[in-house]
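Worksheet for the structure shown next.
The basis for the numbers below is simple: all heavy atoms, side chains too, and nothing from hydrogens, waters or symmetry mates. Each chain gets a letter, A, B and so on, in the order its sequence line appears, and its residues count up from 1.
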Protein chains: 2
Amino acid sequence: MSNYKTINLERYSIMFKALSNPHRLQIFNLLTGCCEPGTVCSTNEAISCCVGELDQQLDIASSTLSHHLKELNRAGLLNMKREGKQIFCSINPSTLIELGDLFSAESTIKPN
Amino acid sequence: MSNYKTINLERYSIMFKALSNPHRLQIFNLLTGCCEPGTVCSTNEAISCCVGELDQQLDIASSTLSHHLKELNRAGLLNMKREGKQIFCSINPSTLIELGDLFSAESTIKPN
DNA sequence: TTTATAATTCGACATATTTCGAATTATAGG
DNA sequence: CCTATAATTCGAAATATGTCGAATTATAAA
(Lines give C-alpha, C1' and ligand atoms only; values in the text may rest on other atoms or scores of the structure.)
Protein backbone atom coordinates (compact mmCIF):
# COMPACT_ATOMS: atom_id res chain seq x y z
CA MET A 1 0.00 0.00 0.00
CA SER A 2 1.41 3.34 -1.10
CA ASN A 3 1.46 6.48 0.99
CA TYR A 4 1.91 8.73 -2.06
CA LYS A 5 -0.08 11.93 -2.17
CA THR A 6 -2.05 12.04 -5.39
CA ILE A 7 -2.63 15.41 -6.99
CA ASN A 8 -4.17 16.76 -10.14
CA LEU A 9 -1.95 17.61 -13.10
CA GLU A 10 -4.34 19.95 -14.87
CA ARG A 11 -5.11 21.92 -11.73
CA TYR A 12 -1.41 22.38 -11.00
CA SER A 13 -0.56 23.52 -14.49
CA ILE A 14 -3.20 26.25 -14.09
CA MET A 15 -1.63 27.31 -10.80
CA PHE A 16 1.83 27.42 -12.35
CA LYS A 17 0.55 29.36 -15.33
CA ALA A 18 -0.89 31.90 -12.92
CA LEU A 19 2.49 32.29 -11.23
CA SER A 20 4.48 32.31 -14.46
CA ASN A 21 3.71 35.92 -15.28
CA PRO A 22 6.12 38.37 -13.60
CA HIS A 23 3.35 40.81 -12.68
CA ARG A 24 1.20 38.07 -11.19
CA LEU A 25 4.17 36.68 -9.28
CA GLN A 26 4.80 40.17 -7.97
CA ILE A 27 1.20 40.37 -6.76
CA PHE A 28 1.62 36.96 -5.15
CA ASN A 29 4.76 38.20 -3.46
CA LEU A 30 3.16 41.42 -2.22
CA LEU A 31 0.44 39.34 -0.60
CA THR A 32 2.67 36.67 0.94
CA GLY A 33 6.13 38.14 1.32
CA CYS A 34 5.60 40.88 3.84
CA CYS A 35 4.95 38.81 6.95
CA GLU A 36 6.91 39.63 10.06
CA PRO A 37 10.10 37.58 10.50
CA GLY A 38 9.37 34.45 12.43
CA THR A 39 5.74 34.25 11.34
CA VAL A 40 4.39 31.72 8.91
CA CYS A 41 2.63 33.53 6.07
CA SER A 42 0.96 30.50 4.64
CA THR A 43 -0.99 29.65 7.77
CA ASN A 44 -1.61 33.10 9.23
CA GLU A 45 -4.63 35.06 8.25
CA ALA A 46 -3.43 36.41 4.93
CA ILE A 47 -2.24 39.88 4.15
CA SER A 48 -5.06 41.84 2.58
CA CYS A 49 -4.74 44.64 0.05
CA CYS A 50 -7.41 46.39 -1.95
CA VAL A 51 -6.99 46.49 -5.71
CA GLY A 52 -6.06 50.15 -5.67
CA GLU A 53 -3.17 49.57 -3.28
CA LEU A 54 -1.82 46.87 -5.55
CA ASP A 55 -2.30 49.18 -8.53
CA GLN A 56 -0.04 51.78 -6.96
CA GLN A 57 2.81 49.31 -6.70
CA LEU A 58 2.60 47.69 -10.11
CA ASP A 59 3.11 50.09 -13.04
CA ILE A 60 0.47 48.51 -15.28
CA ALA A 61 -2.97 49.74 -16.37
CA SER A 62 -5.70 49.01 -13.86
CA SER A 63 -7.56 46.99 -16.48
CA THR A 64 -4.49 44.81 -16.83
CA LEU A 65 -4.27 44.41 -13.08
CA SER A 66 -7.91 43.37 -13.01
CA HIS A 67 -7.19 40.74 -15.60
CA HIS A 68 -4.25 39.36 -13.61
CA LEU A 69 -6.25 39.24 -10.39
CA LYS A 70 -8.93 37.27 -12.17
CA GLU A 71 -6.31 34.77 -13.34
CA LEU A 72 -4.91 34.32 -9.84
CA ASN A 73 -8.43 33.91 -8.52
CA ARG A 74 -9.33 31.41 -11.22
CA ALA A 75 -6.26 29.38 -10.28
CA GLY A 76 -7.43 29.20 -6.68
CA LEU A 77 -4.53 31.29 -5.42
CA LEU A 78 -6.38 34.49 -4.62
CA ASN A 79 -9.42 35.31 -2.50
CA MET A 80 -11.36 38.49 -3.34
CA LYS A 81 -13.92 40.11 -1.10
CA ARG A 82 -15.84 43.33 -1.66
CA GLU A 83 -16.07 45.82 1.19
CA GLY A 84 -17.93 48.91 0.09
CA LYS A 85 -16.34 50.35 -3.02
CA GLN A 86 -13.16 48.39 -2.54
CA ILE A 87 -12.28 44.80 -3.23
CA PHE A 88 -9.77 43.21 -0.90
CA CYS A 89 -7.40 40.52 -2.12
CA SER A 90 -5.58 37.91 -0.14
CA ILE A 91 -3.75 34.71 -0.91
CA ASN A 92 -5.65 31.49 -0.34
CA PRO A 93 -3.62 29.79 2.41
CA SER A 94 -4.76 26.26 1.62
CA THR A 95 -3.60 26.49 -1.99
CA LEU A 96 -0.26 27.72 -0.73
CA ILE A 97 0.02 24.64 1.45
CA GLU A 98 -0.92 22.40 -1.47
CA LEU A 99 1.87 23.91 -3.54
CA GLY A 100 4.37 23.38 -0.75
CA ASP A 101 3.35 19.75 -0.55
CA LEU A 102 3.97 19.24 -4.26
CA PHE A 103 7.66 19.87 -3.88
CA SER A 104 8.11 17.83 -0.77
CA ALA A 105 8.67 14.10 -0.70
CA GLU A 106 6.35 11.34 -1.91
CA SER A 107 4.12 13.47 -4.11
CA THR A 108 2.74 12.09 -7.33
CA ILE A 109 0.72 13.99 -9.88
CA LYS A 110 -2.45 12.30 -11.04
CA PRO A 111 -2.89 12.42 -14.83
CA ASN A 112 -6.21 14.14 -15.63
CA MET B 1 17.98 41.33 11.71
CA SER B 2 15.65 39.38 9.45
CA ASN B 3 15.81 35.67 8.86
CA TYR B 4 13.84 35.92 5.60
CA LYS B 5 15.09 33.91 2.66
CA THR B 6 15.51 36.20 -0.29
CA ILE B 7 14.83 34.80 -3.73
CA ASN B 8 14.71 36.05 -7.29
CA LEU B 9 11.38 36.96 -8.87
CA GLU B 10 12.47 36.69 -12.48
CA ARG B 11 14.12 33.33 -11.99
CA TYR B 12 11.01 31.93 -10.33
CA SER B 13 8.67 33.17 -13.03
CA ILE B 14 10.81 31.27 -15.55
CA MET B 15 10.53 28.12 -13.43
CA PHE B 16 6.76 28.49 -13.14
CA LYS B 17 6.43 29.12 -16.84
CA ALA B 18 8.33 25.90 -17.46
CA LEU B 19 5.90 24.00 -15.23
CA SER B 20 2.79 25.73 -16.58
CA ASN B 21 2.61 23.66 -19.75
CA PRO B 22 0.73 20.36 -19.23
CA HIS B 23 3.24 18.36 -21.27
CA ARG B 24 6.18 19.80 -19.42
CA LEU B 25 4.48 19.20 -16.09
CA GLN B 26 3.89 15.62 -17.19
CA ILE B 27 7.60 15.25 -17.95
CA PHE B 28 8.40 16.75 -14.57
CA ASN B 29 6.04 14.25 -12.99
CA LEU B 30 7.49 11.29 -14.85
CA LEU B 31 10.93 12.23 -13.56
CA THR B 32 9.96 12.91 -9.95
CA GLY B 33 6.78 11.02 -9.27
CA CYS B 34 7.87 7.44 -9.62
CA CYS B 35 10.04 7.06 -6.56
CA GLU B 36 9.38 4.14 -4.29
CA PRO B 37 7.03 4.92 -1.41
CA GLY B 38 8.98 6.08 1.60
CA THR B 39 11.84 7.50 -0.42
CA VAL B 40 12.45 11.20 -0.92
CA CYS B 41 12.59 11.96 -4.63
CA SER B 42 13.92 15.44 -4.29
CA THR B 43 17.12 14.47 -2.51
CA ASN B 44 17.77 11.02 -3.93
CA GLU B 45 19.79 10.62 -7.06
CA ALA B 46 17.10 11.51 -9.60
CA ILE B 47 15.19 9.19 -11.87
CA SER B 48 16.80 9.14 -15.29
CA CYS B 49 15.07 8.59 -18.61
CA CYS B 50 16.42 8.97 -22.10
CA VAL B 51 14.52 11.24 -24.46
CA GLY B 52 13.13 8.29 -26.41
CA GLU B 53 11.58 6.75 -23.30
CA LEU B 54 9.84 10.03 -22.52
CA ASP B 55 8.73 10.27 -26.15
CA GLN B 56 6.92 6.93 -25.85
CA GLN B 57 4.82 8.19 -22.97
CA LEU B 58 3.89 11.63 -24.26
CA ASP B 59 1.90 11.61 -27.50
CA ILE B 60 3.62 14.64 -29.02
CA ALA B 61 6.08 14.93 -31.91
CA SER B 62 9.68 14.31 -30.91
CA SER B 63 10.60 17.80 -32.07
CA THR B 64 8.02 19.19 -29.68
CA LEU B 65 9.41 17.07 -26.87
CA SER B 66 12.87 18.37 -27.64
CA HIS B 67 11.58 21.91 -27.36
CA HIS B 68 9.95 21.22 -24.00
CA LEU B 69 13.06 19.58 -22.60
CA LYS B 70 15.07 22.61 -23.60
CA GLU B 71 12.62 24.84 -21.74
CA LEU B 72 12.82 22.74 -18.59
CA ASN B 73 16.60 22.76 -18.86
CA ARG B 74 16.72 26.50 -19.41
CA ALA B 75 14.62 26.96 -16.26
CA GLY B 76 17.16 24.98 -14.26
CA LEU B 77 14.73 22.16 -13.59
CA LEU B 78 16.23 19.50 -15.84
CA ASN B 79 19.70 18.01 -16.19
CA MET B 80 20.62 16.46 -19.54
CA LYS B 81 23.60 14.21 -20.14
CA ARG B 82 24.61 12.45 -23.33
CA GLU B 83 25.59 8.78 -23.16
CA GLY B 84 26.38 7.48 -26.60
CA LYS B 85 23.46 8.07 -28.92
CA GLN B 86 21.07 8.75 -26.09
CA ILE B 87 20.55 11.77 -23.88
CA PHE B 88 19.45 11.08 -20.32
CA CYS B 89 17.23 13.51 -18.48
CA SER B 90 16.78 13.95 -14.77
CA ILE B 91 15.30 16.57 -12.49
CA ASN B 92 17.73 18.93 -10.82
CA PRO B 93 17.28 18.15 -7.12
CA SER B 94 18.54 21.50 -5.86
CA THR B 95 16.00 23.43 -7.91
CA LEU B 96 13.29 21.18 -6.52
CA ILE B 97 14.40 22.08 -3.02
CA GLU B 98 14.40 25.78 -3.89
CA LEU B 99 10.82 25.52 -5.09
CA GLY B 100 9.78 23.74 -1.93
CA ASP B 101 11.34 26.52 0.12
CA LEU B 102 9.36 29.17 -1.75
CA PHE B 103 6.08 27.86 -0.41
CA SER B 104 7.27 27.33 3.11
CA ALA B 105 7.45 29.98 5.78
CA GLU B 106 9.51 33.17 5.84
CA SER B 107 10.27 33.36 2.15
CA THR B 108 10.40 36.67 0.36
CA ILE B 109 10.87 37.21 -3.33
CA LYS B 110 13.53 39.70 -4.30
CA PRO B 111 12.36 42.09 -7.03
CA ASN B 112 14.81 41.77 -9.97
C1' DT C 1 -30.85 62.04 -8.09
C1' DT C 2 -26.35 63.39 -9.26
C1' DT C 3 -21.58 62.92 -8.68
C1' DA C 4 -17.28 60.74 -7.48
C1' DT C 5 -14.52 56.72 -6.66
C1' DA C 6 -13.19 51.77 -7.24
C1' DA C 7 -12.93 48.28 -10.09
C1' DT C 8 -14.29 45.37 -14.20
C1' DT C 9 -15.43 44.31 -19.00
C1' DC C 10 -14.75 44.89 -23.85
C1' DG C 11 -12.36 45.19 -28.26
C1' DA C 12 -8.16 45.67 -30.59
C1' DC C 13 -3.49 44.81 -31.38
C1' DA C 14 1.26 43.13 -30.68
C1' DT C 15 3.90 39.50 -29.01
C1' DA C 16 4.76 34.82 -27.37
C1' DT C 17 3.85 29.93 -27.29
C1' DT C 18 2.75 25.38 -29.01
C1' DT C 19 2.95 22.34 -32.43
C1' DC C 20 4.23 19.85 -36.55
C1' DG C 21 7.04 17.88 -40.42
C1' DA C 22 11.27 18.23 -42.91
C1' DA C 23 16.00 18.75 -42.73
C1' DT C 24 20.11 18.40 -39.95
C1' DT C 25 23.54 16.89 -36.47
C1' DA C 26 25.72 13.38 -33.46
C1' DT C 27 27.03 8.91 -32.46
C1' DA C 28 27.75 3.85 -33.04
C1' DG C 29 28.44 -0.14 -35.77
C1' DG C 30 29.27 -2.82 -39.95
C1' DC D 1 32.93 5.26 -45.62
C1' DC D 2 28.05 4.08 -45.37
C1' DT D 3 23.96 3.17 -42.78
C1' DA D 4 20.87 3.27 -38.89
C1' DT D 5 19.34 5.32 -34.68
C1' DA D 6 18.67 9.22 -31.35
C1' DA D 7 17.82 13.63 -30.85
C1' DT D 8 17.87 18.65 -32.28
C1' DT D 9 17.10 22.71 -35.21
C1' DC D 10 14.41 25.26 -38.45
C1' DG D 11 10.42 27.48 -40.53
C1' DA D 12 5.58 27.95 -40.74
C1' DA D 13 0.93 28.05 -38.96
C1' DA D 14 -2.57 28.23 -35.35
C1' DT D 15 -3.63 29.62 -30.87
C1' DA D 16 -2.96 31.99 -26.49
C1' DT D 17 -1.42 35.84 -23.69
C1' DG D 18 -0.45 40.58 -22.15
C1' DT D 19 -1.49 45.08 -22.70
C1' DC D 20 -3.94 49.35 -23.29
C1' DG D 21 -7.75 52.88 -23.43
C1' DA D 22 -12.63 53.55 -23.57
C1' DA D 23 -16.90 52.26 -21.86
C1' DT D 24 -19.42 50.14 -18.13
C1' DT D 25 -20.86 48.53 -13.51
C1' DA D 26 -21.06 48.92 -8.40
C1' DT D 27 -21.08 51.45 -4.39
C1' DA D 28 -21.14 55.47 -1.37
C1' DA D 29 -21.98 60.10 -0.35
C1' DA D 30 -23.57 64.86 -1.25
Side-chain angles (χ1 to χ4, degrees), chain A residues 9-31 47-91 111-112, chain B residues 9-31 47-91 111-112:
Chain A
L9 191 144
E10 201 158 334
R11 173 162 154 66
Y12 272 83
S13 87
I14 290 169
M15 289 196 229
F16 289 132
K17 176 162 290 170
L19 294 174
S20 72
N21 177 278
H23 288 136
R24 288 195 294 264
L25 189 54
Q26 200 180 344
I27 294 164
F28 177 84
N29 183 233
L30 287 171
L31 294 172
I47 292 153
S48 194
C49 274
C50 72
V51 176
E53 286 175 299
L54 292 170
D55 203 20
Q56 288 182 315
Q57 304 178 67
L58 277 177
D59 205 37
I60 51 176
S62 61
S63 56
T64 304
L65 173 57
S66 231
H67 164 72
H68 286 319
L69 293 175
K70 206 161 86 174
E71 287 292 295
L72 286 165
N73 180 252
R74 215 170 55 84
L77 287 159
L78 191 75
N79 295 323
M80 302 177 81
K81 182 186 176 191
R82 181 177 281 276
E83 280 177 32
K85 277 183 290 189
Q86 297 177 315
I87 293 182
F88 283 84
C89 302
S90 60
I91 294 299
N112 166 49
Chain B
L9 192 144
E10 201 158 336
R11 174 162 153 66
Y12 271 83
S13 88
I14 289 169
M15 289 195 228
F16 289 132
K17 175 161 289 168
L19 295 173
S20 74
N21 177 278
H23 288 137
R24 287 195 295 263
L25 188 54
Q26 201 180 343
I27 294 164
F28 177 84
N29 183 233
L30 287 170
L31 294 172
I47 291 153
S48 194
C49 275
C50 72
V51 175
E53 286 175 299
L54 292 170
D55 202 20
Q56 288 182 315
Q57 305 178 66
L58 277 178
D59 205 37
I60 51 176
S62 61
S63 55
T64 304
L65 173 57
S66 231
H67 164 73
H68 285 319
L69 293 175
K70 207 161 83 173
E71 288 291 296
L72 286 165
N73 180 252
R74 214 169 56 85
L77 287 160
L78 191 76
N79 295 323
M80 303 178 81
K81 181 185 177 191
R82 183 176 277 278
E83 279 176 34
K85 275 183 293 189
Q86 298 176 315
I87 292 182
F88 283 84
C89 302
S90 60
I91 294 297
N112 166 47

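With hydrogens and angles disregarded, a donor-acceptor distance shorter than 3.5 Å links the side chain of A:Arg82 to the backbone of A:Gly84. Side-chain N or O atoms of A:Arg24 include none that pairs as donor or acceptor with a backbone N or O of A:His68 at under 3.5 Å. Side-chain atoms of A:Gln57 come within 3.5 Å of backbone atoms of A:Glu53 as a donor-acceptor pair (strictly under, hydrogens ignored).
A straight line from CD1 of B:Ile87 to C1' of D:dA7 spans 6 Å, rounded to a whole angstrom. We find that CD of A:Gln86 is positioned 12 Å from P of C:dT8, with the value rounded to whole Å. For the pair B:Lys81 NZ and D:dA7 P, the interatomic distance rounds to 15 Å; values are reported in whole Å. Look at CZ on A:Phe88: it is 11 Å from P on C:dA6, rounded to the nearest Å. Following rounding to the nearest Å, A:Glu71 (CD) and C:dT9 (P) show an atom-to-atom distance of 12 Å. One can place CG of A:Asn73 at 15 Å from P of C:dA7, the figure rounded to the nearest angstrom. The distance between atom CD1 of B:Ile14 and atom C1' of C:dT17, rounded to the nearest whole Å, is 15 Å. In this structure, B:Leu25 atom CG and C:dT18 atom C1' are separated by 16 Å, rounded to whole Å.
The phosphate of D:dT17 has neither OP1 nor OP2 within less than 4.0 Å of any side-chain N or O from A:His68. Distances shorter than 4.0 Å separate some side-chain N or O of B:Lys70 from OP1 or OP2 on D:dT9.
Across residues 17-24 of chain A, A:Lys17, A:Asn21, A:His23, A:Arg24 each have a non-hydrogen atom less than 4.0 Å from an atom of DNA chain D (numbered order). Listed by residue number, B:Ser62, B:Ser63 are the residues of residues 55-65 of chain B with a heavy-atom contact under 4.0 Å to DNA chain D.
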Nucleic acid footprint by protein, nucleotides 25-30 of chain C - heavy-atom cut-off 4.0 Å, B for base, S for sugar-phosphate alone: --BS--

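Looking at A:Ile91 and A:Leu78, their side chains come closer than 4.5 Å, going by heavy atoms from C-beta outward. B:Thr64 places none of its side-chain heavy atoms less than 4.5 Å from the side chain of B:Leu58. Under the 4.5 Å side-chain criterion, counting only non-hydrogen atoms from C-beta, A:Glu83 is not in contact with A:Gln86. Two residues are said to be in side-chain contact when any heavy atoms from C-beta on lie closer than 4.5 Å; A:Cys49 and A:Leu30 fail this criterion. Counting heavy atoms from C-beta outward, B:Leu31 and B:Cys89 have side chains that approach closer than 4.5 Å.
Note that NZ of B:Lys17 and CG of A:Leu25 are 11.0 Å apart. Values are rounded to the nearest 0.5 Å. The CD1 atom of B:Ile27 sits 5.0 Å away from the CG atom of B:Leu69 when rounded to the nearest 0.5 Å.
Considering all non-hydrogen atoms of both residues, B:Phe88 and B:Cys50 come closest at CD2-N, 3.7 Å.
B:His67 comes within contact range of at least one nucleobase, with a heavy-atom separation under 4.0 Å.
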